[in-house]
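For ligands, and for the atoms within them, numbers begin at 1 and follow the listed sequence.
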Amino acid sequence: MTELAALIFDIDGTLADTERDAHRVAFNDTFAAHGLEWYWSAEFYGELLAVTGGRERIKHYVTQHHPPLPTINHLDAFIADLHREKTQCFLDIVRAGQVPLRPGVQRLLTSARQAGLRLAIATTTSYINVQTLLEYCIHPLAESGFDAIAAGDVVTHKKPAPDIYFYALSQLNLRADQCLAIEDSDNGLRASLSAGICTIITTNDYTSEQDFTGASLVVDQLGEPHQPFTKIVGDVGETRWVDVPLLKNIHKRYVT
Ligand code: XBP
Ligand code: MG
């Protein structure tokens, strides 16, 4: 029987709640710095999250919502400039320590490592964002604790396409059935399932109403002994926080 060999984590919304108070703020600060009368409210940003990737999200906003636009020569180049600055703003927010990990993340990473599981990242966000988040939020493990970091533009098609997961598998040199993915969104779930990977979901305020058909487990958070998860879908027995034995069980059911 195929044993579980690696956990593959999404970043935004899964490892940390980055979207509302970090990515969104960075987009808005960048728009303001450019004198653009664009503002993405917390609620509106939830709609925009249907489009993954920062540049893709700005382009969608410009082409579908028609905000006031200055005279520019090339839309894609303008968006690329905005996005470069947005990344710098996002990094400043992370470096200021304003992005804590979600409950249970540090505990699960540490215990998975101790249990001999390999760790990887599969995310739509830019590589520098991942590197900085890991450095500032997961200090003892940091970047070197991960065997593969698959991020951003390393693939052409972002989530919900499976490409970033295929890339992570190739970096890990593992098959899909040896891995388990941890995601927070329908786009992320579609990506991991399309790559053939058993997936669990930790929901957040932006994703709790989404369709998670196909997920092996849906909980509101990974949880901690003093802060148990609320189970939404799946069989967890007596377990009240996501740990390695639970993930091994879920994976076993998936592959048999
Ligand atoms: C994350 C994203 C990203 C971030 C912004 O999706 O969609 O676009 O919002 O990152 P997922 P960049 O969690 O499914 O990977 O601006 O660096 O693209
Ligand atoms: Mg996510």
Salt bridge (charged side-chain N to carboxylate O under 4.0 Å, His left out) evaluation trace for D153 with K158: CA-CA 8 Å; D153 291 327; K158 294 182 174 170; 3.1 Å; yes

Heavy atom of the protein closest to atom 15 (O) of ligand 1 (residue, atom name, distance): T124 N, 2.8 Å

Sub-4.0 Å heavy-atom contact, N187 with ligand 1: no

Side chain, backbone, both or neither: the part of Y45 lying under 4.0 Å from ligand 1 by heavy atom: side chain

Minimum-distance protein heavy atom relative to atom 1 (C) of ligand 1: D12 OD2, 3.3 Å

Contact (N/O only, under 3.5 Å) between K158 and ligand 1: no

Audit row: D220, R102, salt bridge (charged side-chain N to carboxylate O under 4.0 Å, His left out) steps and yes/no: CA-CA 11 Å; D220 68 335; R102 292 196 64 192; over 6 Å; no

Residue, atom name and distance, where the atom is the protein heavy atom closest to atom 18 (O) of ligand 1: G54 N, 2.7 Å

Protein-derived N, O or S atoms lying under 2.8 Å from the Mg ion (ligand 2), waters excluded: 3

Side-chain donor/acceptor pairs under 3.5 Å, residues 68-79, sequence neighbours excluded:
unit_1 : atom_1 : unit_2 : atom_2 : d
D76    : OD1    : K59    : NZ     : 2.9

Proximal ligand 1 atoms for T123, defined as those under 4.0 Å from one of its heavy atoms: 15 (O)

N129 backbone acceptor or donor facing T132 side chain under 3.5 Å: no

Gap separating the CG atom of D184 from the CZ atom of F9, nearest 0.5 angstrom: 12.5 Å

Donor-acceptor contact below 3.5 Å, side chain D186 vs main chain D211: no

Close-contact set for ligand 1 against K159 heavy atoms, below 4.0 Å: 11 (P), 14 (O), 15 (O)

Numbered atoms and elements of ligand 1 in range of T125, under 4.0 angstrom, heavy atoms: 5 (C), 10 (O), 12 (P), 17 (O)

E19: numbered ligand 1 atoms lying under 4.0 Å from its heavy atoms: 1 (C), 2 (C), 4 (C), 9 (O)

Spacing of S126 atom OG and I11 atom CD1 [to the nearest 0.5 Å]: 11.5 Å

Expected output: side-chain R107 to main-chain G223 donor-acceptor under 3.5 Å: yes

Euclidean distance, L246 CG relative to E238 CD, rounded to 0.5 Å: 12.0 Å

Heavy-atom side-chain contact between L174 and R118 under 4.5 Å: yes

Mutual orientation of the aromatic rings belonging to H23 and F27 [parallel < 30°, tilted 30-60°, perpendicular > 60°]: tilted

Check: H60 and H65 side chains under 4.5 Å, non-hydrogen atoms: yes

Atom 8 (O) of ligand 1: nearest protein contact (heavy atom, Å): G53 N, 2.9 Å

Heavy-atom nearest option to atom 9 (O) of ligand 1, drawn from K86, H23, R57: R57

Polar side-chain atom of T207 near backbone of Q210 as donor-acceptor pair, under 3.5 Å: no

Ligand 1 contact on H83 by region, counting heavy-atom pairs under 4.0 Å: side chain

Distance from atom 13 (O) of ligand 1 to nearest protein heavy atom, with residue and atom: D10 OD1, 2.9 Å

Numbering as shown, the atoms of ligand 1 that approach N129 to under 4.0 Å (heavy-atom distance): 17 (O)

